[in-house]
Number of protein chains: 2
Amino acid sequence: MLLHMAEFDGPLTSDALAGMMQTNPVVIRRILAGLRKEGLVHSEKGHGGGWRLAKDLESVTLYDIHLALGAPGVLALGHRTEAPGCLVEQAVNSAMGEAFDAAEALLLSQFQQITLASLSRDFHQRLDQRGITQQALSEAAHMRNCSDGDD
Amino acid sequence: MLLHMAEFDGPLTSDALAGMMQTNPVVIRRILAGLRKEGLVHSEKGHGGGWRLAKDLESVTLYDIHLALGAPGVLALGHRTEAPGCLVEQAVNSAMGEAFDAAEALLLSQFQQITLASLSRDFHQRLDQRGITQQALSEAAHMRNCSDGDD
DNA sequence: TTTCATGTAACTTACATTATTACATGAAAT
DNA sequence: ATTTCATGTAATAATGTAAGTTACATGAAA
């Protein structure tokens, strides 16, 4: 979504973004409200209002976004109990916890390497390969980018 | 659950296991049915029936169990669409996919290092630290191990 | 003053997981 | 043989979480 905002010149409304992301405007607002708290986006009310990126593409990583989204759990396999009385469970949690921590650390360290700028470059490369000219970086072009595929 | 079975001398019924795991007997059967297909456990009907480990503790790793459970997704953050038309989404999926694959590979490689035997050793170490004698490795002892804590 | 857009709370829907019920199958004890 | 016990499995219900929706307040520009 941030990349879509990056391509568009001017603010994008929750409605427009909801159309791109195929979801509800309120869902967009909920998500972007979190990102705004971390200074990633900026919003304006009223006529000509909407959402706008607040930072340079080079300075925002997937890790920043992850944190801004509340650092949700990355691993689907979870320990049930935090401090179980069962010693068997303690042993299992201990061993799996180490493995989980290592995997999560690796994932997040990679997130820190992925900037919005790098993703944007990749996106434009794919655009060129598809043979679409750079002329129209308008909302219409965005819509096309998102619906031109096979879905 | 397999470690509980390892400690107990003789077959354990779904009911007994459900008590230990604080869930329903049918849930136990469903799970263990999957493990049985991979040869990890064995079941017997009727009087004196129940569930029993089918393999040596040294020869079973968390990875084996993971596979036997159907190799469920390990990562909670997922791509929505498999082959999206949106080029932005393609770029994001590509970058995140690499990070995910690396993290998952690391986690599973660690699972391969963790055997039931190693977990059992850790468990017995914790038992000793708690000062419980080895004398009673009966079901009663199991129940105590699981309820003696602070939960 | 109207229109547009965000800000939020409250509520509803949808989905996946887990739990439960019910009953069939098979094995051992009586 | 028949009763008892335990798994095997399908069908259904309950639960919890995420997503979607409605409604309305707030603020800004036309």
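In what follows, chains are A, B, ... by sequence order, proteins preceding strands, each numbered from 1. Treat the numbers as computed from the prediction; the structure is a model and nothing was measured.
An OP1 or OP2 oxygen of C:dG7 is reached within less than 4.0 angstrom by a side-chain nitrogen or oxygen of A:Ser43. For D:dA19, neither phosphate oxygen OP1 nor OP2 lies less than 4.0 angstrom from any side-chain nitrogen or oxygen of A:Asn24. Within the 4.0 Å cut-off from OP1 or OP2 of D:dG8, not a single side-chain nitrogen or oxygen of B:Arg29 is found. Distances shorter than 4.0 Å separate none of the side-chain N or O atoms of A:Thr13 from OP1 or OP2 on C:dA5. Under 4.0 angstrom from either OP1 or OP2 of D:dG20 there lies at least one side-chain N or O belonging to A:Thr23.
Electrostatic pairing of B:Arg36 and B:Glu44 does not count as a salt bridge here, judged by no charged N lying under 4.0 Å from a carboxylate O.
Under the Watson-Crick or G-U wobble criterion, with both distances below 3.5 Å, D:dT12 is paired with C:dA19. Base pairing of D:dA28 is made with C:dT3, judged by Watson-Crick or G-U wobble geometry with both donor-acceptor distances under 3.5 Å.
With hydrogens and angles ignored, the 3.5 Å screen pairs no side-chain donor or acceptor of A:Asp101 with any backbone N or O of A:Glu98.
Taking atom CD on B:Gln22 and atom C1' on C:dT18, their separation rounds to 14 Å, with Å as the unit. Here C:dT1 presents its P atom at 17 Å from NE2 of A:His47, a figure rounded to the nearest Å. Counting to the nearest Å, the C1' atom of C:dC4 and the CG atom of A:Asp15 are 10 Å from each other.
Separation of atoms CD1 (B:Ile114) and NE2 (B:His66) is listed at 12.5 Å; rounding is to 0.5 Å.
In the interface, the side chain of B:Arg30 is paired with the base of C:dA19 through a donor and an acceptor atom under 3.5 Å apart.
Counting any heavy atom pair closer than 4.0 Å across all strands shown, B:Gly50 reaches sugar-phosphate atoms only and no base atom.
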